[in-house]
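Report on the following structure.
Bear in mind the structure is a predicted one, so any value in this text is a computation, not a measurement. Residue numbering restarts at 1 for every chain, and letters A, B, ... go by the order of the sequence lines.
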2 protein chains.
Amino acid sequence: MTLSNLKNQYNDYIKLNGLKSSKRRDLIFENIVKKIGHFTTDDIYSDLLKTDPVIGIATVYRTIRLLVDSGILVEHTFGEKRGFFEINNQQAPEHGHLICLKCGHITEFYSKTIEKNVKFMQKQHNYKINSYKFEIFGICPKCQKSEK
Amino acid sequence: MTLSNLKNQYNDYIKLNGLKSSKRRDLIFENIVKKIGHFTTDDIYSDLLKTDPVIGIATVYRTIRLLVDSGILVEHTFGEKRGFFEINNQQAPEHGHLICLKCGHITEFYSKTIEKNVKFMQKQHNYKINSYKFEIFGICPKCQKSEK
DNA sequence: ATTAATTTTGATAATCACTATCATTATTAA
DNA sequence: TTAATAATGATAGTGATTATCAAAATTAAT
Ligand SMILES: [Mn+2]
Ligand SMILES: [Mn+2]
Ligand SMILES: [Zn+2]
Ligand SMILES: [Zn+2]
């Protein structure tokens with residue numbers, strides 16, 4: 001997913017849904033699009049506060065929801081009861097996550113096997129599949145060392 | 001997992017942690033152990049209210065947490081930001097879930113391939129694995145029909 | 001540019017699922 | 001029995017998120 005692709009996707013979504021463009025929303029979009037890895041709404045809010053001290057957190061929540069609805073972001077929970085987000089790279093195949101129960105560190109992995117398995121389940125259960133999540137919980141190598 | 005196995009596991013956990021036995025907790029345990037499929041804390045609370053109108057929801061939350069800690073229950077989120085629980089059948093291998101985005105219906109599936117994949121990831125990333133979740137989101141056959 | 005219609009925004013109240021606190025009650029070992 | 005400790009229910013508090021609403025911004029049509 002290139003930046004200009006995402007920008008097009010963003011602008012198209014706004015047009016297609018009869019929304020108006022706005023400075024604040026653009027600012028949030030620009031910030032998010034620069035992020036690598038996974039982030040929370042609060043991460044983005046804190047970032048933006050530095051250059052825009054009057055931005056409201058509701059606007060950040062709203063815009064992130066919009067970006068999820070438009071397919072630009074995907075949401076995860078990673079076993080917690082709050083949202084984690086990341087850019088939805090529609091080029092690459094979906095990926096799984098290894099989540100460290102100690103430090104929260106997240107490692108991504110790709111697997112053709114999983115892809116196949118999802119397709120198999122789709123057929124077997126007559127499901128129209130939208131997305132999937134494969135999350136493995138455990139202790140990362142670093143935390144294993146520091147455990148002793 | 002037989003009922004008596006679970007009861008042993010429950011009693012052992014209570015002894016091992018220096019807890020006292022109690023009528024209320026036993027009642028909650030008995031109710032949960034009869035459940036099939038996935039349930040929320042509120043499901044259990046509503047059930048119990050019928051025969052025990054003074055039970056507090058805090059006690060249900062506490063007991064379910066205890067049962068998760070003891071390994072009797074496993075918790076899921078199924079893409080939502082609240083807990084769903086089910087009996088942890090330690091005999092059977094872990095299973096995945098197909099979740100209908102329309103009606104919320106959940107279908108379980110087993111897959112040796114996934115098991116192998118998890119072991120592979122464990123080796124490849126030097127992780128000490130605790131558990132995993134494989135969730136596929138889509139539209140179930142029933143809802144596909146009623147969509148037209 | 002001015003207006004009018006509509007959307008966006010920030011403040012903040014409300015909600016939802018859950019955890020913490022605490023005085024009262026129950027359990028248990030002595 | 002008593003004494004120590006755990007369990008309980010009521011309820012306050014929390015954290016993440018959504019809803020509400022008046023004011024400000026955007027847009028399209030004059
Ligand atoms: Mn990821
Ligand atoms: Mn299940
Ligand atoms: Zn770690
Ligand atoms: Zn369905």
Side-chain angles (χ1 to χ4, degrees), chain A residues 10-32 38-70 73-85 104, chain B residues 10-32 38-70 73-85 104:
Chain A
Y10 169 65
N11 288 321
D12 289 356
Y13 185 84
I14 285 173
K15 258 176 219 139
L16 242 88
N17 290 80
L19 307 176
K20 292 179 175 168
S21 77
S22 89
K23 256 165 222 165
R24 282 275 145 65
R25 201 153 50 194
D26 288 355
L27 228 66
I28 297 170
F29 171 78
E30 295 300 340
N31 184 289
I32 281 176
H38 311 93
F39 52 86
T40 64
T41 304
D42 214 64
D43 290 338
I44 305 299
Y45 179 58
S46 314
D47 268 17
L48 289 162
L49 271 185
K50 290 174 203 156
T51 51
D52 183 359
V54 296
I55 196 166
I57 193 158
T59 305
V60 183
Y61 271 105
R62 272 189 292 244
T63 304
I64 286 182
R65 189 59 53 213
L66 181 154
L67 294 174
V68 170
D69 291 346
S70 73
L73 293 181
V74 273
E75 181 166 9
H76 302 281
T77 55
F78 295 145
E80 297 189 34
K81 299 208 174 87
R82 61 191 174 126
F84 295 86
F85 304 88
Chain B
Y10 169 64
N11 288 321
D12 289 357
Y13 184 85
I14 285 173
K15 259 177 219 140
L16 243 88
N17 290 78
L19 307 176
K20 293 179 177 169
S21 79
S22 90
K23 256 163 224 168
R24 282 275 145 66
R25 201 154 50 194
D26 289 355
L27 226 67
I28 297 171
F29 171 78
E30 295 300 339
N31 184 290
I32 281 176
H38 311 93
F39 52 86
T40 64
T41 305
D42 213 64
D43 290 337
I44 305 298
Y45 179 58
S46 313
D47 269 16
L48 289 162
L49 271 184
K50 291 175 204 156
T51 51
D52 182 359
V54 296
I55 197 168
I57 194 158
T59 306
V60 184
Y61 271 105
R62 274 189 290 244
T63 304
I64 286 183
R65 190 58 51 214
L66 182 155
L67 293 175
V68 170
D69 291 346
S70 72
L73 293 180
V74 273
E75 182 166 8
H76 302 282
T77 56
F78 295 146
E80 297 188 35
K81 296 201 179 91
R82 61 193 174 124
F84 294 86
F85 304 88

Legend entry - Atom pair distance, as rounded to whole Å: CD1 in B:I28 and C1' in D:dG9: 12 Å

Legend entry - Distance, rounded to the nearest Å, where B:L48 contributes CG and D:dT8 contributes P: 12 Å

Inset, instruction - Using whole Å, report how far CD1 of B:I64 lies from P of D:dT8. - result: 13 Å

Legend entry - B:L27 CG to D:dG9 C1', straight-line distance once rounded to whole Å: 15 Å

Legend entry - Side chain proximity check, A:Y45 to A:I64, heavy atoms < 4.5 angstrom: no

Legend entry - Expected output: side-chain A:D43 to main-chain A:T40 donor-acceptor under 3.5 Å: yes

What protein N or O atoms touch nucleotides 10-16 of chain D N or O atoms at under 3.5 angstrom, if any, and at what distances?
none

Please tabulate, one pair per line, each protein N/O and nucleotide N/O from nucleotides 27-30 of chain D that are separated by under 3.5 Å, including the distance.
{"unit_1": "D:dT27", "atom_1": "OP1", "unit_2": "A:S21", "atom_2": "N", "d": "3.4"}
{"unit_1": "D:dT27", "atom_1": "OP1", "unit_2": "A:S21", "atom_2": "OG", "d": "2.9"}

Legend entry - A:R65 CZ to D:dT17 C1', straight-line distance once rounded to whole Å: 8 Å

Legend entry - A:R24 side chain near D:dA24 phosphate (N/O to OP1/OP2, under 4.0 Å): no

Inset, instruction - Mind listing the closest non-hydrogen atom pair of B:E80 and A:T77 along with its distance? - result: O-CG2, 4.1 Å

Inset, instruction - If the plane angle is over 60° it's perpendicular, under 30° parallel, otherwise tilted; pick one for B:Y10 and B:F29. - result: parallel

Inset, instruction - Identify the two heavy atoms, one from A:R82 and one from B:K81, that lie closest to each other, and give their separation to 0.1 Å. - result: C-CE, 3.5 Å

Legend entry - Heavy-atom check, side chain of A:L19 versus side chain of A:L66, under 4.5 Å: yes

Legend entry - Value in whole Å for how far the P atom of D:dA6 lies from OH of B:Y13: 14 Å

Legend entry - Side-chain heavy atoms of A:T63 within contact of A:R24, under 4.5 Å: no

Legend entry - Consecutive-pair stems (3 or more, Watson-Crick or G-U, under 3.5 Å) for DNA chain D: C:1-30 with D:1-30

Inset, instruction - Grab the CG-C1' distance between B:L66 and D:dT8 for me, whole Å please. - result: 14 Å

Inset, instruction - Test B:D42 against B:V60 for side chain to side chain contact (heavy atoms under 4.5 Å, CB included), laying out the working first. - result: CA-CA 8 Å; B:D42 213 64; B:V60 184; over 6 Å; no

Legend entry - Any residue meeting salt bridge (Lys or Arg N to Asp or Glu O under 4.0 Å) with A:R25, in chain and number order, not counting sequence neighbours: none

Legend entry - ring pair (Phe, Tyr, Trp, His ring centres under 6.0 Å) partners of A:F85, counting only residues at least two apart: none

Legend entry - Sequence neighbours excluded, every pair satisfying salt bridge (charged side-chain N to carboxylate O under 4.0 Å, His left out) that has a member inside residues 10-21 of chain B: none

Legend entry - Between P of D:dT17 and CD of A:E80, the distance in whole Å: 10 Å

